[in-house]
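To start, the structure itself, in structure tokens.
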Amino acid sequence: MVMTTPEELNVDLKATSVEETVSHLTQRFPGIVSADTREGYGGVIVAKDKLVDIARYVRDVLGFDYLSSATPVDYLGEGNHSTDHLEMVYHAYRTSGGKALVFKAQTDRESAEIPSLIHVWKGADFQEREAWDLYGIRFPGHPSLRRILMWDGFAGHPMRKDWKEAYYEEDHKPFTSRWPGGHVHRAEEKSIFGHNVRYPADIDLSRLTDVSESTLYSGFGMGVDVTRMVDHHGVETNELMVNMGPHHPSTHGVFRMMLRIDGETVLDLDPVMGYLHRNHEKIGERNTYLHNIPFTDRLDYISSMGNNHGYVLAVEQLLALGAKYNPPTYRAEVLRVLMVELTRIVNHLWAIGFWLNDLGAFFTPVLYFIQERERILDFFEAVAGSRMMCNYMRFGGVFADVPERIHSVTNLINDRMRDFDTMQFLTEMINERIPRTIDELDAYLTQSEIVRVRSEGVGIISREDAIGYSTAGPLLRGSGVAYDVRRADPYSIYPELDFDVAVETSGDMYARYMVRLREMRESVRILKQLLPRLEYTKGQPVNDNNMAYSGKVPVGESYGRVENGKGELGFYIVSAGEKKSTANPWRYHVRAPSFINLTPLGLMSRGSKVADVVSILGSIDIVLGETDR
Amino acid sequence: MLLTLRHFVESYVDDVRYGFKKFSPAVNNFEARQGTQATGVFTVQYPDEKLAVPERFRFVPFLVVEDYDHPERPGKDWCTSCGICAKVCPPQCIWIVRNEDPATGRPIPEPEAFFIDIDICMNCGFCAEFCPFDAIKMDHDYELASFDRTTNHIFDKPKLSKEMRYWKTIAPTRVVEEMKVRGSWEHKDAAKAARRGGATRDAAREAATAPAPKAEVEAKEAKREEVRARKAAAEAPAAAPAPAPKVEAAPAAASGGAKPWEESHDDREKRKQAALARKAARASKRDEQ
Amino acid sequence: MEVSLQELNKTQYPIPAELQNNVAITSLSKIYNWGRRNSMWPMLFGLACCAIEMIATASSRFDFSRFGMEVMRATPRQSDLMIVSGTVTKKMVVPIVRLYNQMPEPKYVLAMGACASGGGPFKEGYNVVSGIDKYLPVDVYVPGCPPTPQALLFGLIALQRKIDGQSLTTADDVPWYGVGPSEPTPVPILGPDIIDPRQMDMIRRMAESKAAKDAISLPDGRALPAVKTAAAVVPVAKKATAAAAPVAAAAPVAAPADDKRAAALARKAARAAKTGGAPAETVAVEDAAPAAAAAPVVTAAAPAAVAPAVPADGAKPWEEADEIREQRKAAALARKAARASKRDEGK
């Protein structure tokens with residue numbers, strides 16, 4: 001354990017800037033911590049055997065108490081560095097706000113091992129399991145290092161650069177088989193089973209066993225002893241294992257929970273995910289930078305505009321390192337914020353609606369809440385072209401300005417026209433309809449006895465745990481941490497906008513509901529400020545350098561994060577330069593709030609009833625597209 | 001409780017407000033029902049009334065070809081098989097075979113084959129956005145459900161090709177914007193060739209069938225769109241490429257420019273009359289032929 | 001028998017005896033279909049992005065209860081229609097197939113969106129199944145990413161039209177009135193990669209051909225379950241029937257033409273096995289392999305279209321050069337000998 005020296009106590013180390021912190025760390029721990037001097041990189045590299053100590057120091061002494069993201073990078077044949085190695089990259093923040101302290105630990109590829117940080121930050125739990133699953137890095141010290149997204153028994157660690165999947169075609173898009181000699185074929189016709197797995201020559205059905213389930217149960221670490229009886233006021237019962245999902249109406253998609261219950265009381269809970277793991281990151285590293293924009297739509301598919309925003313911010317940070325690129329104009333920023341705030345309202349309406357669904361108000365509230373969603377989606381459709389998958393933002397701007405009129409054209413039989421003035425439509429929505437819906441929701445629910453009885457004091461997470469488990473969004477703010485990326489680490493035009501960060505202190509489901517409700521009001525407040533800005537900036541260009549379909553991105557790393565509806569959405573991107581072979585993102589990682597917010601689900605559910613577990617999950621508000629990626 | 005009661009009452013108030021007119025085709029209350037003034041949300045009676053999609057709507061792409069009654073290049077591809085769409089396509093669902101002149105071995109600016117696997121396409125619209133020739137566009141026809149995918153879910157060139165006229169119908173404002181950028185209604189290359197005066201005969205023919213001045217054409221196009229919108233879809237857009245008759249642009253439309261929907265009801269009525277008259281004239285002309 | 005139309009239209013015209021039954025059934029079919037298509041209960045079952053649009057379709061604005069579909073059931077036992085709404089991953093396809101097996105007949109599958117139809121933008125991913133139709137028979141495909149609610153409604157109407165076209169007299173249309181319970185779709189196995197039991201035979205063929213080509217046989221032992229010695233000592237005949245079994249299991253999924261073909265091939269394989277001899281077995285099963293390959297991928301009329309397109313890079317076990325086959329045979333014999341000696345040792 002590293003002790004604090006007396007001199008350090010004189011300086012307020014928790015208030016120093018990130019640059020000062022980096023130089024302080026390198027001076028304080030020579031030989032252990034060194035500054036990352038690679039071109040375009042920042043932060044420090046820590047010797048891996050001292051990682052835990054340094055992490056403790058960073059957290060306790062330097063005040064970086066919030067671990068936002070922990071992700072591996074595989075530098076196999078990247079070209080800019082002499083060695084092929086694996087690297088864990090950690091982004092730590094202060095909950096009081098400010099920039100990230102990035103620290104890294106490197107390990108070789110063959111026997112990849114990095115000490116686990118789970119005892120410093122609980123939030124590292126799932127992220128380290130993911131690193132083991134996809135990269136094959138072992139974390140000594142992690143209590144249950146199992147696969148998390150793929151199933152147990154799967155061959156290989158698929159995110160490694162030398163791992164090829166069944167339909168592997170080329171390392172980088174665009175594929176050469178598409179043009180000029182693009183003779184069409186379906187990938188499954190070319191390679192039915194692929195060549196990534198080798199089976200023994202005399203394989204047959206009797207020798208093939210599905211171990212994915214059994215390891216799940218045995219690895220759960222709570223093998224239930226059915227013979228053990230629990231005495232309940234004279235009634236002897238035994239414990240049960242209950243599986244919820246992946247097909248379950250309350251799991252918001254294909255999420256699965258394994259519960260150990262005693263009667264109705266949950267003793268333990270383990271989330272099982274990966275049922276929608278569609279290899280977003282692997283595909284993202286094959287795509288060009290531009291290709292990834294529509295793929296981000298499909299992460300949190302309820303708030304696609306927010307995902308776009310996070311991604312373009314990350315790439316714009318890289319572009320600012322020296323590419324020929326014009327930063328977005330003021331109008332483009334206004335439009336981005338407009339879309340993102342509308343998305344936030346949609347997201348919260350949806351979240352509260354489905355949370356009520358879980359509370360037992362089956363589908364009726366949802367129908368009320370998504371009325372306004374439909375109108376907002378109409379607006380998105382007219383502006384961006386699609387209701388859900390907006391694909392609206394571009395590097396240095398947005399796809400197009402809002403049209404003058406929301407005007408439909410008839411094409412099919414029985415098509416009916418709609419034609420509204422865009423500004424009028426928006427004004428009406430922002431000043432009248434959305435506030436009305438929120439008021440209605442407020443009047444229905446906030447004082448509703450059923451809602452209060454069901455949600456107050458249920459699913460509590462304390463302030464310390466909320467920070468330690470790296471939760472984000474309403475989950476974090478419901479526990480009394482006023483941490484909103486829009487204020488803590490401002491981006492876009494948020495500094496000039498007037499809004500409050502919604503905070504509640506009780507940390508239960510009701511607090512999260514209240515946070516969402518108040519955030520919607522704040523969003524409306526922001527939107528009202530945007531209307532005059534929209535009028536004022538009318539006619540300004542929204543996209544100065546859109547036409548380059550193959551932009552060059554300088555070498556470096558970046559971490560762009562936004563406050564999305566679900567919480568802090570971050571994109572960690574490593575660019576390996578402009579050569580043909582490395583023109584695509586070398587590493588493309590999504591710090592998914594839905595994924596990391598699930599880490600404390602077990603903690604929150606322990607001791608509550610089975611019916612509450614469903615609503616606790618609903619109050620976290622996950623979207624599986626983002627959880628599993 | 002009171003709120004529920006209010007909703008209950010309001011739903012009937014709205015019914016009374018629109019109910020009587022609901023079944024009369026003369027009154028278009030659809031817009032009001034789907035607009036911001038309506039209380040709550042109204043059901044779109046899908047097969048009987050469809051929510052028309054906005055101009056920027058994107059579904060599976062299609063290839064723009066010249067109108068089939070184009071005087072010089074009937075049905076010619078706008079696509080030059082430059083391959084940008086195939087490169088910019090995020091899921092790589094576009095396959096293009098470039099055409100080569102067997103004699104010289106040089107590429108001919110027209111694809112030999114063009115495939116889009118709509119089981120991969122993610123409708124992102126990049127192909128249309130980055131196409132330098134305005135040759136690939138996002139379609140509005142979402143009614144594509146089928147019983148079998150092996151045979152008909154890889155769209156080939158004949159299935160993808162749609163007339164320029166169709167694109168003008170489904171995107172009346174954007175087509176004008178694009179025309180302004182391009183500088184002509186013709187394809188970029190064709191226009192360039194005409195400007196160069198390469199083949200004199202062609203140039204002469206071009207001059208003979210000189211395209212009407214920009215503003216006029218613009219108005220005419222806008223006009224045509226409006227007329228089309230009025231007569232539902234009894235005439236399928238791509239079908240019946242009857243020669244477009246030369247008509248004088250009605251003054252109302254000319255003043256409105258490319259925004260025919262910004263007119264008062266009177267104007268619309270007037271124009272409707274004019275359109276009907278024209279239609280009658282056209283019919284009689286056809287009979288003569 | 002020549003009958004003019006006018007005569008036929010007369011009400012007094014006697015209906016031939018062999019037709020009388022059919023006329024009644026035709027009208028019965030109509031009523032039956034009408035009832036069926038207007039009480040189609042979808043399963044409350046969302047996979048990914050498309051599920052959100054499915055919910056939008058179910059909600060007030062598009063409201064598919066107008067088509068008798070308002071009751072979304074969360075349990076497969078009460079639902080008639082499975083809307084596969086979103087990307088099907090290898091991990092998820094196992095529960096999906098189980099759910100499908102639990103649905104009572106008549107059951108329909110609607111593949112909503114590009115992902116469910118053919119893998120969609122995520123097709124290249126290592127955990128993505130390129131289309132649910134590899135495992136389940138799909139009735140309607142709705143393209144789009146995601147399909148708008150109206151596109152989904154169009155797909156549902158298309159499904160209703162399909163039901164309208166079915167007849168009680170055709171056994172293919174109403175297989176649930178056949179003899180005995182219908183065959184469940186075999187549940188895929190999550191091994192080192194996903195394995196469709198119906199393709200087991202083909203995997204073995206390919207593994208064998210690969211093993212013959214290069215000597216390295218087993219990958220890291222961790223990924224594969226331990227070899228059971230008992231299973232390795234299977235008599236030849238038994239092995240052949242076991243190999244034929246997946247082909248037969250694949251049959252219900254395939255269209256009738258494939259069905260017959262597969263059955264014929266299975267018979268052939270069995271016959272070959274009876275007459276004995278390892279070479280005969282090899283040939284027979286190799287013939288059966290394309291059918292097994294074609295069955296899950298293609299629904300109708302296209303084994304020919306798929307077969308030539310299958311692997312270019314040596315993974316075509318049924319079209320190998322003679323020398324490779326010779327090699328393989330030698331390897332197999334060697335293995336057999338090794339096994340035999342092992343057995344002797346065991347004794």
Side-chain angles (χ1 to χ4, degrees), chain B residues 7 11 14 30 33-35 38-54 56-62 89-94 115-127 138-155 159-160, chain C residues 49 56-57 59-67 110-125 130-133 137-162 165 255 294 297-303 305-306:
Chain B
H7 272 295
S11 64
D14 266 356
F30 187 80
R33 277 192 287 141
Q34 297 297 335
T39 318
V41 62
F42 275 86
T43 304
V44 182
Q45 305 286 338
Y46 167 68
D48 301 324
E49 54 174 32
K50 295 173 185 171
L51 206 56
V53 290
R56 289 184 189 172
F57 180 74
R58 38 190 161 78
F59 218 64
V60 178
F62 70 92
C89 173
Q92 299 282 298
C93 69
I94 300 179
F115 303 100
I116 293 179
D117 189 342
I118 62 163
D119 283 340
I120 299 180
C121 175
M122 69 201 294
N123 306 349
C124 65
F126 274 168
C127 48
M138 301 308 277
D139 205 346
H140 285 191
D141 183 7
Y142 49 80
E143 299 185 333
L144 293 174
S146 66
F147 299 131
D148 176 27
R149 86 180 172 98
T150 46
T151 48
N152 58 5
H153 272 204
I154 292 182
F155 282 15
K159 197 160 180 181
L160 285 168
Chain C
C49 335
T57 317
S59 70
S60 11
R61 196 181 193 183
F62 297 98
D63 191 15
F64 63 30
S65 58
R66 292 178 290 125
F67 304 98
L110 185 143
M112 179 185 181
C115 292
S117 313
F122 297 96
K123 181 173 187 166
E124 58 196 287
S130 46
I132 188 65
D133 56 2
V138 174
D139 293 283
V140 176
Y141 298 89
V142 183
C145 188
T148 59
Q150 306 197 69
L152 177 60
L153 282 177
F154 183 78
L156 292 168
I157 293 169
L159 179 66
Q160 292 192 334
R161 250 189 287 133
K162 181 171 187 166
V297 181
V298 194
T299 43
V306 172

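We name chains A, B, ... by the order of the sequence lines, and we start the count at 1 in each one.
Heavy-atom distances place no part of B:C93 under 4.5 Å from chain C, backbone and side chain included. With a 4.5 angstrom heavy-atom cutoff, C:P146 touches chain B only via backbone atoms. Using a 4.5 Å cut-off between heavy atoms, C:F64 does not touch chain B at all.
When atom types are taken as modelled, the side chain of C:Q150 and the backbone of B:L51 share a donor-acceptor pair closer than 3.5 angstrom. With B:R149 contributing its side chain and C:S117 its backbone, the two residues share a donor-acceptor pair below 3.5 Å.
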Start with the C-alpha gap between C:Y141 and B:D119, add the side-chain angles, then the distance that decides, and say whether side-chain contact (heavy atoms from CB on, under 4.5 Å) holds. CA-CA 10 Å; C:Y141 298 89; B:D119 283 340; 5.7 Å; no
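Proximity of C:D139 to B:F147: side-chain heavy atoms (C-beta onward) are nowhere separated by under 4.5 Å. Residues C:P143 and B:H153 form a side-chain contact, since some pair of their non-hydrogen atoms from C-beta on lies under 4.5 Å apart.
The two atoms that bring C:A158 and B:A145 nearest to each other are CB-CB, 4.5 Å, heavy atoms only.
Options C:G155, C:G119, C:G144 differ in how many heavy-atom pairs under 4.5 Å they form with chain B, and the most are formed by C:G144. For the set B:C124, B:C89, B:P91, B:P90, the count of heavy-atom pairs under 4.5 angstrom toward chain C peaks at B:P91. Between chain B and the options C:L159, C:D63, C:V142, C:L153, heavy-atom pairs under 4.5 Å are most frequent for C:L153. Per-residue counts of heavy-atom pairs under 4.5 Å with chain B were compared for C:S59, C:S130, C:A111, C:C145; the largest is that of C:C145.
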